[in-house]
Amino acid sequence: MVAKGQKRKLRREDEGGGSARESQLQSVLDISMDKFHRDQALVEPCLLRSVLINNTLRQVQSEVRAQVESLSAAKIPAKLKPEPDFTQLSPPAEHHAPLSSPNAENTEDDFMAWTSEEDFSLSSAISAILKDLDAVIDAGQGPCASQRAPLSSVENLTPCPLRTERTSDMASSIKTELMCPGCPQDVALDKLLLDIDPSVFEPELNLLQGFSVTADDLVKYLPSLSKSPSASSSSSLVSRGQATWEIQEIEHVMDILMRTYPQS
Amino acid sequence: MMAGVGGGNDFQWCFSQVKGAIDEDVAEADIISTVEFNYSGELLATGDKGGRVVIFQREQESKNRLLSRGEYNVYSTFQSHEPEFDYLKSLEIEEKINKIRWLPQQNAAHFLLSANDKTIKLWKISERDKRAEGYNLKDEDGRLRDPFRITTLRVPVLMPMDLMVEASPRRIFANAHTYHINSISVNSDYETYLSADDLRINLWHLEITDRSFNIVDIKPANMEELTEVITAAECHPHQCNVFVYSSSKGTIRLCDMRAAALCDRHSKFFEEPEDPSSRSFFSEIISSISDVKFSHSGRYMMTRDYLSVKVWDLNMENRPVETYQVHEYLRSKLCSLYENDCIFDKFECCWNGSDSAIMTGSYNNFFRMFDRNTRRDITLEASRENSKPRAMLKPRKVCTGGKRKKDEISVDSLDFNKKILHTAWHPKENVIAVAATNNLYIFQDKIN
């Protein structure tokens with residue numbers, strides 16, 4: 001038996017209104033991340049609980065990915081053939097790649113070079129994310145840290161201004177990037193950031209749902225799902241997994257960024 | 001067969017007894033974690049978070065008190081498990097009793113299995129009401145007699161004494177579970193039993209403690225690929241080669257131990273296809289099965305997930321034959337229940353003696369009964385307010401929307417800290433035991 005409200009909700013999503021769904025997505029993500037981190041702090045978290053929370057996080061992640069896909073698919077011109085590269089580049093949820101990150105030092109330097117011209121909170125937030133994430137990863141996987149792929153210099157890429165459809169532009173730029181198998185994955189992150197028009201940023205981020213993003217918050221939101229519930233697991237870096245995880249991270253960061261824009 | 005054994009509105013449930021402290025301040029150790037009647041219903045055992053087992057015995061029905069059946073009084077209390085420390089992993093092992101299962105009675109003594117997260121113990125509960133007197137070599141107070149003073153030989157005689165109930169651990173089954181034990185189940189051969197943790201199920205012989213057979217192992221090679229755990233397991237009541245186990249994804253697997261030593265491949269796989277229109281982020285969590293129980297007949301099994309109870313025919317794997325909604329009004333509150341962790345609560349369920357009714361708990365100290373024949377259901381409350389002797393329990397109702405009628409309670413007023421996770425139904429009569437945090441309520445149907 002289907003409740004009335006459910007059906008109406010589905011129709012609203014089809015029409016693109018889905019803000020209730022999005023806000024639930026956000027709530028579930030917040031709560032799940034909070035629980036995930038709390039459980040990580042425990043010596044022996046309950047395995048059933050950990051598995052259920054992890055599966056929920058994976059579900060949220062795939063929902064975010066699906067939203068990104070649908071947004072970018074809607075805006076990409078016909079000549080840019082939409083290949084199903086998402087499946088190639090991002091593995092199925094079960095084969096969860098171990099945590100890795102782009103070379104944060106380079107990113108940070110590039111960031112600093114770029115943002116020395118314009119000072120806005122989001123780029124610093126993103127650099128803070130990457131720095132913190134790097135610290136987390138280094139703590140967990142010491143010897144593997146050196147295997148990170150270096151980011152190419154930001155100086156070679158030119159920023160382009162964003163207009164009202166900035167969300168879709170960003171999505172399309174990401175999608176374009178991801179659809180070139182030959183492109184280094186690390187360039188995607190730079191492109192993402194350079195696509196942001198600094199002039200549209202207010203000193204205080206005023207979001208649609210009224211939730212404010214701080215660097216700490218953004219760090220929290222990035223799922224570190226490869227941390228296994230059991231205490232006795234040792235993860236090894238696989239370069240493909242590393243690349244695919246970066247894609248996931250990019251998508252996730254992008255989603256956070258999308259939320260900073262008032263959707264007109 | 002007892003005339004008219006059933007549940008729901010056909011019977012009038014009355015308060016009989018309540019055990020436990022009345023204080024508002026509940027000590028963590030006193031929280032009841034398992035309740036189980038023995039095979040005859042004469043004994044009722046409870047386990048708590050403090051590792052203690054309390055056994056109640058039903059007094060003989062006296063002719064004077066015609067209005068109620070015998071009451072349950074404390075028979076034996078003992079400390080089953082103590083907190084332990086795993087030095088290798090630097091982990092504390094809780095003494096909380098997760099499950100108690102009785103063995104069928106074969107002599108004057110009673111035997112039960114009690115399990116915490118890691119260890120199962122077989123306890124013998126025996127009575128002593130006689131004492132030997134007139135020993136030759138020692139005095140009544142136990143002191144050795146001077147051999148030179150013994151001039152005659154006498155035969156000790158058995159003299160009555162005050163009844164003493166002793167509980168002694170006869171077997172300790174340890175070091176077989178890496179993960180937390182969630183179920184134990186005695187096999188119908190009365191020689192073996194199974195114990196299940198999150199990832200493995202072991203088969204034990206009651207006489208042998210130094211080894212067990214692993215019969216199910218779902219641990220993946222890479223723990224990062226783990227997406228499903230075992231939540232409950234039970235032996236078939238008649239076929240000693242058959243057992244079932246449920247999972248966190250809402251599936252039940254029936255295994256036949258004759259097929260292979262390792263029962264990783266199921267003989268039957270029970271899963272209800274998901275209704276796509278009701279899919280949400282919480283679909284998987286609420287589908288996780290918290291309890292599985294075979295019917296006494298062995299033809300059906302019942303599973304409890306977060307919002308419903310389902311009865312399955314063992315001959316039909318693709319869907320349950322009956323589904324009962326326990327508290328459907330919580331479906332719109334799942335996000336909050338996820339946030340406050342209530343969504344992870346593990347409710348148990350039980351059959352009545354004739355398999356015509358089932359019972360399970362809910363929040364606000366409510367518990368629900370469903371009559372399978374009439375399809376009627378009833379919600380009752382275990383509370384001190386309704387605890388006058390032989391007071392009839394009034395059906396409760398939760399208001400789901402619109403104008404709240406008198407005596408109804410709105411969903412937002414429910415107390416989610418008062419949860420009834422453990423209930424038990426007497427195997428032969430309409431007597432039920434309901435654990436409400438640190439109190440044990442016993443209800444009976446009114447004798448006409």
Side-chain angles (χ1 to χ4, degrees), chain A residues 1-7 9-10 20-21 23-32 34-35 38-39 42-63 91-99 224-236 241, chain B residues 86 88-94 117 178-180 182 197-199 219-232 247-249 275-290 306 323 325 328-329 331-332 334-341 343-346 400-401:
Chain A
M1 194 180 90
V2 178
K4 272 191 197 170
Q6 293 274 8
K7 276 195 173 162
K9 216 175 175 181
L10 278 170
R21 177 84 177 160
S23 89
Q24 197 192 43
L25 178 68
Q26 191 61 59
S27 304
V28 175
L29 180 59
D30 293 346
I31 298 167
S32 302
D34 181 51
K35 287 188 192 302
R38 277 178 206 267
D39 283 358
L42 294 174
V43 182
E44 196 185 23
C46 167
L47 195 59
L48 167 65
R49 196 184 134 94
S50 303
V51 162
L52 291 174
I53 292 169
N54 274 7
N55 290 351
T56 307
L57 272 171
R58 285 194 181 113
Q59 210 186 329
V60 167
Q61 201 177 31
S62 60
E63 172 101 3
E94 291 77 43
H95 300 294
H96 205 83
L99 263 185
S224 48
L225 287 179
S226 70
K227 284 204 176 158
S228 105
S230 153
S232 62
S233 70
S234 58
S235 45
S236 57
Chain B
D86 182 340
L88 282 176
K89 296 182 190 171
S90 280
L91 293 172
E92 197 178 288
I93 300 168
E94 270 186 12
D117 284 340
T178 308
Y179 303 96
H180 290 183
N182 52 53
D197 66 28
D198 294 315
L199 298 177
K219 180 173 190 249
N222 182 1
M223 279 295 278
E224 291 173 8
E225 292 169 6
L226 180 67
T227 56
E228 191 174 9
V229 298
I230 296 169
T231 51
S247 83
S248 55
K249 287 197 170 175
D275 176 11
S277 61
S278 64
R279 173 133 189 94
S280 75
F281 291 114
F282 311 107
S283 294
E284 186 182 311
I285 301 182
I286 63 169
S287 75
S288 175
I289 291 171
S290 50
Y306 191 62
T323 301
Q325 301 300 335
E328 183 67 13
Y329 47 79
R331 193 180 285 273
S332 56
L334 291 178
C335 198
S336 313
L337 294 165
Y338 181 50
E339 188 169 9
N340 66 14
D341 281 344
I343 210 173
F344 300 109
D345 286 336
K346 290 195 253 182
T400 53

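Just so you know, these numbers come straight off a predicted model, no measurement behind them. Just so it is clear, the values below take in all heavy atoms, side chains as well, and ignore hydrogens, waters and symmetry mates.
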task: Find the one option among B:Ile285, B:Leu199, B:Asp341 whose heavy-atom pairs under 4.5 Å with chain A are most numerous.
output: B:Asp341

- request: Specify the closest pair of heavy atoms between B:Ser248 and A:Leu52, including all atoms of both residues, with the distance to one decimal.
  value: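 Smallest heavy-atom distance, with atoms named: O-CD2, 4.0 Å.
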
query: With a 4.5 Å heavy-atom cut-off, do B:Phe344 and A:Leu48 have their side chains touching?
result: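 They are not in contact (no side-chain heavy atoms under 4.5 Å apart), so the answer is no.
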
Student check: side-chain heavy atoms of B:Lys249 and A:Asn55 closer than 4.5 Å: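 The answer is yes; the side chains approach within 4.5 Å.
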
Rounded to the nearest 0.5 Å, how far does [atom2] of [Y] lie from [atom1] of [X]?
| X | Y | atom1 | atom2 | result |
| --- | --- | --- | --- | --- |
| B:Leu334 | A:Gln24 | CG | CD | 8.5 Å |
| A:Asn54 | B:Thr227 | CG | OG1 | 10.0 Å |
| B:Leu226 | A:Ser50 | CG | OG | 9.0 Å |
| A:Ile31 | B:Ile343 | CD1 | CD1 | 9.5 Å |
| A:Ser27 | B:Phe281 | OG | CZ | 9.5 Å |
| B:Arg279 | A:Gln59 | CZ | CD | 4.5 Å |

task: Answer with side chain, backbone, both or neither: which region of B:Ser332 has an atom nearer than 4.5 Å to a non-hydrogen atom of chain A?
output: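 No part of it gets close to chain A.
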
field: Within 45° cone and under 6.0 Å: A:Lys35 NZ/CZ vs B:Tyr338 ring
entry: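 Positive - A:Lys35 is close enough to the ring of B:Tyr338 and near enough to its axis.
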
task: Would you check if the side chain of A:Glu44 reaches a backbone N or O of B:Ile93 as a donor-acceptor pair within less than 3.5 Å?
output: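 Not confirmed, A:Glu44 side chain does not pair with B:Ile93 backbone.
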
